[in-house]
There are 2 protein chains.
Amino acid sequence: MAETARRTEKRYGNRPTMKDVAARAGVGLKTVSRVVNGEPGVTPDTERRVQEAIEALGFRRNDSARVLRKGRTASIGLVLEDLADPFYGPLSRAVEEIARAHGALLINGSSAEDPDREQELVLALCARRVDGLVVIPAGDDHRYLEPEIKAGVATVFVDRPAGRIDADVVLSDSFGGARDGVAHLIAHGHRRIGFIGDMPRIHTAAERLRGYRTAMADAGIPVEDSWMSLGVTDPERVRLAAEAMLSGPAPVTAVFAGNNRVTVTVVRVLAEHHRPVALVGFDDFELADLLQPGVTVVAQDAAQLGRTAAERLFRQLDGAPHTPERIELPTRLITRGSGELPPAD
Amino acid sequence: MAETARRTEKRYGNRPTMKDVAARAGVGLKTVSRVVNGEPGVTPDTERRVQEAIEALGFRRNDSARVLRKGRTASIGLVLEDLADPFYGPLSRAVEEIARAHGALLINGSSAEDPDREQELVLALCARRVDGLVVIPAGDDHRYLEPEIKAGVATVFVDRPAGRIDADVVLSDSFGGARDGVAHLIAHGHRRIGFIGDMPRIHTAAERLRGYRTAMADAGIPVEDSWMSLGVTDPERVRLAAEAMLSGPAPVTAVFAGNNRVTVTVVRVLAEHHRPVALVGFDDFELADLLQPGVTVVAQDAAQLGRTAAERLFRQLDGAPHTPERIELPTRLITRGSGELPPAD
DNA sequence: TAGAGCCTGGACAACGTTGTCAGATGCAGG
DNA sequence: CCTGCATCTGACAACGTTGTCCAGGCTCTA
């Protein structure tokens, strides 16, 4: 017994193994395994003895070994951009819920919008042999995933499509949402409408820009370069961009903000501005309704995105025949006041 | 070769193993291991051959096997209450950052404030042999963790202390923060001050209630039962509670809200209220400054909580001698207007 | 040129679990 | 009392990796 203790304490602190449990219960190794996994073929009496030994030793099955043997880890990976972004909270939660319903754990990490870090994370997750991946891509080339997918790692992209590989993707209708949002401003009489968005290399940002351009073109309004600010994302630069398009001889009378972070910053700028300026933002955010005026937004359903993606993932894992598909969820315009302000020329 | 392919395709899809790589490169198994792990003792030429084989086969080391052999998983678990709660975003992000700095992955799950689910999650993480755990406890009895901790799983509790076991904990000074917040209202002339908070079985909620009582007592103000609402947490009930204490013959002139979700709901109620009512909330939240009036809050630094906890965790893991400790971080009163409103009697 | 020492590479066991298969046990029926 | 069958149990190999240890070939020196 002393010898056993000495042997095990080298590793994992001194965790008891099935062998230890078996020794204590006076049964064979496999019998312990059977009890732990609820397999049939163990007499109640034996089972009780084993349970007692497990209890006494504080045994906990080592899932690493189990995984090694079985080939399935019952865990999936989620790679997103920033855990602290409120948009990803509900998404991540939805994925977790579905994972839980399938008895899987969720491992997640943030790419911080850095393609290298995304790849590093994804490969680390693959090395852990996660059964599947939900990825909100930061990069635009995912060929590094090809061997993984071929090896059977189920993969679903969310919010933005994968680059240069064929894979499932679930996203919001950024183009249509932005187009409708801008059209909403136009319908309220605006012509000089600003657009502040993220780098166009990000798919959603590009799509929203395209929606903006389309709405303007549909209304026959030529867009001036000074109305558009692309690739600004940190608050200070968004602030500068907003102030720039609000000043000058022909300032914009309305702004379309490309995502929730931009929207919030623009709200701050407008709060200090002397003239009312209309605003429509992409993404809803908490308290948007409590501001003065309430902020009109193009809302996407983050939770639904996550749910849909996770469900598709597990359908893949359950062995359903699978051809990569692109699922686009509609957005919803929520009017709260800021988007209905008339132009203050 | 064909035989090898047949053998491996049974498991993990058909992932190549080091053996396969070795065969293809014409070297021994251990040599591949050396190359993969950057160990010395491999000629450049051999290394190149191995690298090529790895590339060609799309080999990726199986970390499950590695973990089994080495005893360390380089991953830590984070159990929190709700991923979608904005308070936990920065916390979780901070933990992830520290983990990353230590080369560890973060596995997380939400307890949904359910003690059973918390335990289930924690034990699942232990079965995965995470090296350490950061837990925001939902339950109040953590004796189930004793064997794990004894077996060497580093554990740090955050935001609330562990129940019935001795473990590290990092939390905000809920008592002092609430006391100061309420005292702030008293200093602005309020006497009938309401308190809306979570169930007192939650440590932070209890502490904040204690802070409220203490501030009132210090000012010699007897507290009436109708001013306090405990254990309400869903928006609808918070709304009812707020409306109740704002009506009647002697309504409260100020409200202290026990957490961010309560605060937001109370803001909504007050927005519809005819008389101005002062408000101080525990927890800061985005846009609190943009509301009319800005919401005065007792702010805790969620990121700092996470950082501190994670750092302590890794200090444990690095083998520093360790006695459980309780670290309390100060809160900060941020005045923005709502807490400075005079009583409207 | 022989011997010592270094460097590289590979055989083998072990990590803790599960699948396979065969042995042991108990019981009913002949 | 023996056979046959069903039930329960355990020995053993395997999962893919890493640590240990030794063999063989090389360089360097005397």
Side-chain angles (χ1 to χ4, degrees), chain A residues 4 6-23 25-50 53-54 57-74 126-129 151, chain B residues 3-4 6-23 25-50 53-54 57 59-74 126-129 151:
Chain A
T4 297
R6 212 172 309 119
R7 180 181 58 70
T8 48
E9 81 190 353
K10 284 187 296 190
R11 314 173 29 68
Y12 293 127
N14 50 4
R15 279 214 123 98
T17 70
M18 284 191 178
K19 205 164 155 188
D20 301 326
V21 174
V27 303
L29 179 54
K30 185 63 220 247
T31 302
V32 177
S33 172
R34 272 192 271 264
V35 171
V36 169
N37 295 293
E39 287 168 25
V42 181
T43 19
D45 182 55
T46 309
E47 169 157 8
R48 192 185 42 70
R49 284 217 318 286
V50 171
I54 289 178
L57 295 173
F59 167 79
R60 194 93 53 209
R61 180 178 63 198
N62 185 333
D63 272 357
S64 293
R66 172 169 225 254
V67 157
L68 178 61
R69 192 68 233 271
K70 305 204 75 160
R72 276 270 179 131
T73 58
C126 288
R128 295 291 160 105
R129 295 296 187 268
Chain B
E3 191 197 333
T4 297
R6 213 172 310 118
R7 181 180 56 71
T8 49
E9 81 190 355
K10 282 187 297 188
R11 313 173 31 68
Y12 292 130
N14 50 4
R15 279 217 126 97
T17 70
M18 284 193 178
K19 205 164 155 189
D20 301 326
V21 174
V27 302
L29 180 54
K30 185 66 222 251
T31 302
V32 177
S33 172
R34 272 193 271 265
V35 171
V36 168
N37 293 295
E39 287 169 26
V42 182
T43 24
D45 182 56
T46 309
E47 168 157 10
R48 192 186 41 73
R49 285 215 317 286
V50 171
I54 289 177
L57 295 174
F59 166 79
R60 195 95 52 212
R61 179 179 63 198
N62 185 333
D63 273 357
S64 293
R66 174 169 224 252
V67 156
L68 178 59
R69 191 67 233 275
K70 305 203 75 158
R72 277 266 180 135
T73 59
C126 288
R128 293 291 158 104
R129 295 296 187 265

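Quick note on labels: first sequence line is chain A, next is B, and so on, each numbered from 1. Every heavy atom of this structure was used, including side-chain atoms; hydrogens, water molecules and symmetry mates were not.
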Partners passing side chain to side chain contact (heavy atoms under 4.5 Å, CB included) against Ala23(A) (at least two apart in sequence or in another chain): none
Separation of dT17(D) P from Arg60(B) CZ (nearest whole Å): 12 Å
Once you round it to whole Å, what is the distance between C1' of dG10(C) and CD of Glu39(B)? 14 Å
So which protein nitrogen or oxygen atoms get under 3.5 Å of nucleotides 6-9 of chain C's nitrogens or oxygens?
residue, atom, partner, partner atom, Å
dT8(C), O3', Thr43(B), OG1, 3.3
dG9(C), OP1, Thr43(B), OG1, 2.7
dG9(C), OP1, Thr46(B), OG1, 2.3
dG9(C), OP2, Gly41(B), O, 3.4
dG9(C), OP2, Thr43(B), N, 3.2
dG9(C), N7, Arg34(B), NH2, 3.1

Please state how far atom CG in Asp63(B) lies from atom C1' in dC15(C), giving the value in whole angstrom units. 15 Å
Starting at NZ of Lys19(A) and ending at P of dC12(D), how long is that distance when rounded to a whole Å? 12 Å
Please give, in whole Å, the distance from dG16(D) C1' to Met18(B) CE? 8 Å
Working to the nearest 0.5 Å, report the span between OG1 of Thr43(A) and CZ of Arg48(A). 10.0 Å
Over how many whole Å does the gap from Arg66(B) atom CZ to dT17(D) atom P extend? 11 Å
Could you measure the distance from the CE atom of Met18(B) to the NZ atom of Lys30(B)? Nearest 0.5 Å is fine. 9.0 Å
Heavy atoms only: give me the nearest Glu47(B)-Val42(B) pair and the separation to one decimal. N-CG1, 3.7 Å
Is it the case that the base of dG19(C) and the side chain of Lys30(A) share a donor-acceptor contact (distance under 3.5 Å, atom types as modelled)? yes
Applying the side chain to side chain contact (heavy atoms under 4.5 Å, CB included) test to Val21(A), which of Val27(A), Val32(A), Val36(A) qualifies? Val32(A)
Expressed in angstrom and rounded to an integer, what is the separation of Arg128(A) atom CZ from dC15(D) atom C1'? 18 Å
Under the side chain to side chain contact (heavy atoms under 4.5 Å, CB included) test, residues paired with Asn37(B) that sit two or more places apart: Ser33(B), Glu39(B), Arg61(B), Arg66(B)
Leu29(A) CG to dA22(C) P: how many Å, rounded? 19 Å
